[in-house]
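Read the numbers this way: they start at 1 and go in the same order the structure lists the ligands and their atoms. All values below were derived from every heavy atom in this structure, side-chain atoms included, with hydrogens, water molecules and symmetry-related copies excluded.
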Amino acid sequence: MNSRDWFDRAQAVMPGGVNSPVRAFKAVGGVPPFIASASGAYLTTVEGDRLIDFISSWGAIVYGHADPDIVRVISAAAAKGTSFGAPSPGEVEIAELIVALVPSIEVVRLVNSGTEATMSAARLARGATGRDVIVKFEGCYHGHADAFLVQAGSGGATFGEPNSPGVPAGTVSTTRVVAFNDMAAVADALSPGDVAAIIVEPVAGNMGVIPPREGFLEHLRSLCDEHGTLLIFDEVMTGFRVARGGAQELYGITPDLTCLGKIVAGGVAAAAYGGRADLMRLISPDGRVYQAGTLAGNPLAVAAGLATLGRIQADDSLYDDLERRGAHLQGRLERALVEANIRGCVQRVGAMLTLFFGVDRVEDWSDASRLDSETFARYFRAALDGGVMLPPSAYEAMFLTASHTDEIIDQAADVLVAAIHRAAS
Ligand SMILES: *Cc1c(COP(=O)(O)O)cnc(C)c1O
């Protein structure tokens, strides 16, 4: 059976034929290749085609697919039982490792997804401050909990509007939406003194890669201090990716709470939130803010996470390699844009990178919303034809892993440069 056959079967029994919307290829057209297996930097489709992968499980993979060490610890863990519902030593070890690696985290709780981490951090912030309002940035993604499925209402720092049916107006009435990188708007949003927390992707990655403007994160920190508001860094994507200690280490800013996901569980389903001890001790059973999980601290996820984080801790070259290869790829794409005489820009922080067509610079959602998604779709198809799997949306980041060697990056760049030329014509 080929991908088309699988996709037909899938669509009969699953919404869009997928378990997460972007996988359905709506933004780029065509049939998504169904993946039979993956190894290192490569995916193998059910047709037997090998693709250089830049989805990297949306950033969850940092040492390449099916890394032998990580596969071994997962198998060993599975043989000892897949879930206990009672405490186990691995949970302690991974919590200690997270505390050691992430500068602001003193106490941590494991959960099952990034969505759970942000939802729980927001509850904790509200419980700790006795305030209801959360400030979020337009275009930042924090998972699919009701409170975050909000878009900016008309007018500046107003309350948001639901951006999905099923999200109660009452829920989003406590979410205030402002433009990313807009320091004045944040100050306005905090001025009433009713804000429990600001939640931010310290490097925005879910509207394409947008680095924080110089001073932006510092500004958030000082405004939070001034207004008794907590600062939540959603590092589900940036954690262990832009630096060993995440964006907070890279930019030297200390949030009160941090959400982790993706890399933290080495490609298995788990996530975490943590931060200042006095806040985290408010979580049940130490405190009264309720949050629980049947499969939280699952032994398979903990084993994969421990192996990944342990390796990151001991790895002196990982982030230098990712930076150098990311910069090289960026340079080749930028030159191709110039040669093809096509408007666009490449924005990157370490191993996360986006090529935006049709815009010269992207600093917030209003810039991102002006990008040229038709040219992107042509570029995407040409890349796929050439054997390179990009994230199937113009609003996403490409992710490099340690298994994207210099040679693989150059092969992929050859394909992407040609795809830029094809998209231009
Ligand atoms: C992926 C992501 C999430 C959601 O994580 P899930 O595990 O998909 O629920 C939240 N925040 C950010 C910044 C993410 O990139």
Of all protein heavy atoms, the one nearest atom 3 (C) of ligand 1 is Val236 CG1, 3.7 Å
Quick test: of every protein heavy atom, which one is nearest to atom 14 (C) of ligand 1, and how far off is it to 0.1 Å? Lys262 NZ, 2.9 Å
Note: ligand 1 atoms sitting under 4.0 Å from heavy atoms of Ser113 are 7 (O), 9 (O)
Side chains of Arg126 and Val133, heavy atoms from C-beta outward: is any pair under 4.5 Å? no
So which heavy atom in the protein is nearest atom 5 (O) of ligand 1, and how far is it from that ligand atom? Gly114 CA, 3.2 Å
Sub-3.5 Å N/O-N/O distance, Thr118 and ligand 1: no
Atom 11 (N) of ligand 1: protein heavy atom closer than 4.0 Å? yes
Just which atoms of ligand 1 are under 4.0 Å from any heavy atom in Asp234? 10 (C), 11 (N), 12 (C), 13 (C)
Looking only at heavy atoms of Trp58, does any of them come nearer than 4.0 Å to an atom of ligand 1? no
Which of the atoms in ligand 1, numbered in the order shown and given with their element, are less than 4.0 Å from a heavy-atom of Glu201? 13 (C)
Apply salt bridge (Lys or Arg N to Asp or Glu O under 4.0 Å) to residues Arg221 and Asp256 and explain how you reach the verdict. CA-CA 9 Å; Arg221 181 66 273 174; Asp256 300 294; 3.1 Å; yes
Compare all side-chain heavy atoms of Asn206 with those of Glu396 and state whether any distance is below 4.5 angstrom. yes
Among protein heavy atoms, which lies nearest atom 9 (O) of ligand 1, and at what distance? Thr115 OG1, 2.6 Å
Taking the six-membered ring for Trp, are Trp365 and Tyr395 parallel (under 30°), tilted (30 to 60°) or perpendicular (over 60°)? tilted
The answer for which part of His142 has a heavy atom under 4.0 Å from ligand 1 is backbone
Decide, yes or no, whether a salt bridge links Arg325 with Asp320 under the criterion of side-chain N to carboxylate O below 4.0 Å. no
More than 12 foreign heavy atoms under 6.0 Å from CZ of Arg324: is that the case here? yes
is_close_aromatic(Phe216, Phe180), centroid dist under 6.0 Å: yes
Take atom CD in Glu374; do more than 12 heavy atoms of anything else shown fall under 6.0 Å from it? no
Below 4.0 Å, non-hydrogen atoms only: which portion of Asn206 touches ligand 1? Side chain, backbone, both or neither. side chain
If we only count heavy atoms from C-beta on, is the Phe137 to Asp364 side-chain gap below 4.5 Å? no
Under 4.0 Å to a heavy atom of Met237 - the qualifying atoms of ligand 1, by number: 15 (O)
